[in-house]
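In each ligand, atom 1 is the first atom listed, and ligand 1 is the first ligand listed. Only a predicted model underlies this, so the values are computations on that prediction, with no experimental measurement involved.
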Amino acid sequence: MKKLNINIEISEYDNISELLLEDINLIETAKDASERSYSPYSEFSVGAAVLLENGIVVDGNNQENAAYPSGLCAERVALFYANSKYPEISVKTIAIVVKQNNKFKKTPLPPCGSCRQALMETEMRFKTPIKVIMAGEDKVQIIHSISDLLPLSFTSDFLKTD
Ligand code: THU
């Protein structure tokens, strides 16, 4: 028996001004998107903004439904729209924010498991790491590849026959 350890690198910032301008702008776009969230059930308004390799930004927000599981997270709304509209363009970065009780949350929001899986598919598809910016008001965390947020992930490689 042997034990394996997995290390992931998280860049943590106490002040948004330390970030690249490109990342600051993406967070602002995610914030704007969160304002248009349809989340009457959770009252948890998530905004996501995806920066594509060609500089185009696509945003999205969580869309809820009275039949709860029919709703979709902000990250996948933005990502799927980006992939459907620009199927040839790789995804460089995604920024995620949350607004609750009329204020942006202090702590960063890590994407849910299903969103990580969807982001992983896109990262593998374009063979380009996706940077994930989780932006809280008091702290911003950046992961430099979605694979760091989904170790031992299930990918299309496993569908191949031995
Ligand atoms: N949600 C997101 O949009 N992204 C996440 O990463 C976590 C959760 C949404 C789903 C639901 O509309 C609300 O937040 C509460 O879970």
Is the backbone of P111 close enough, under 3.5 Å, to the side chain of R116 for a donor and an acceptor to pair up by distance?
yes
heavy-atom search around atom 3 (O) of ligand 1 in the protein gives A74 N, 2.9 Å
Please step through side-chain contact (heavy atoms from CB on, under 4.5 Å) for the pair N83 and E121, ending with a clear verdict.
CA-CA 11 Å; N83 288 165; E121 182 79 21; over 6 Å; no
What's the verdict on side-chain contact (heavy atoms from CB on, under 4.5 Å) for L109 and F44, showing C-alpha distance, side-chain angles and the deciding distance?
CA-CA 11 Å; L109 175 80; F44 191 78; 4.0 Å; yes
Salt bridge flag under 4.0 Å for residues E22 and K92
yes
Is at least one protein non-hydrogen atom found at under 4.0 angstrom from atom 16 (O) of ligand 1?
no
Look only at interatomic distance and state if C112 has a nitrogen or oxygen under 3.5 Å from any nitrogen or oxygen of ligand 1.
yes
Heavy atoms, side chains only, cut-off 4.5 Å: are D138 and F104 in contact?
no
among protein heavy atoms, the one nearest atom 9 (C) of ligand 1 is N62 ND2, 3.6 Å
Per-atom filter on ligand 1: closer than 4.0 angstrom to a heavy atom of P111 are 6 (O)
Residue, atom name and distance, where the atom is the protein heavy atom closest to atom 14 (O) of ligand 1
F44 CD2, 3.3 Å
List the steps and the verdict of side chain to side chain donor-acceptor pair (under 3.5 Å) for S153 and T155.
CA-CA 6 Å; S153 51; T155 65; 5.7 Å; no
Considering only non-hydrogen protein atoms, determine which one is nearest to atom 12 (O) of ligand 1 and report residue, atom name and distance to 0.1 Å.
E64 OE2, 2.4 Å
Parallel, tilted or perpendicular: which describes the rings of F154 and F158, with under 30° parallel and over 60° perpendicular?
parallel
Nearest protein heavy-atom contact for atom 5 (C) of ligand 1: which residue, which atom, what distance?
E75 OE2, 3.4 Å
Compare S37, S42, C73 and give the one whose heavy atom is closest to atom 8 (C) of ligand 1.
C73
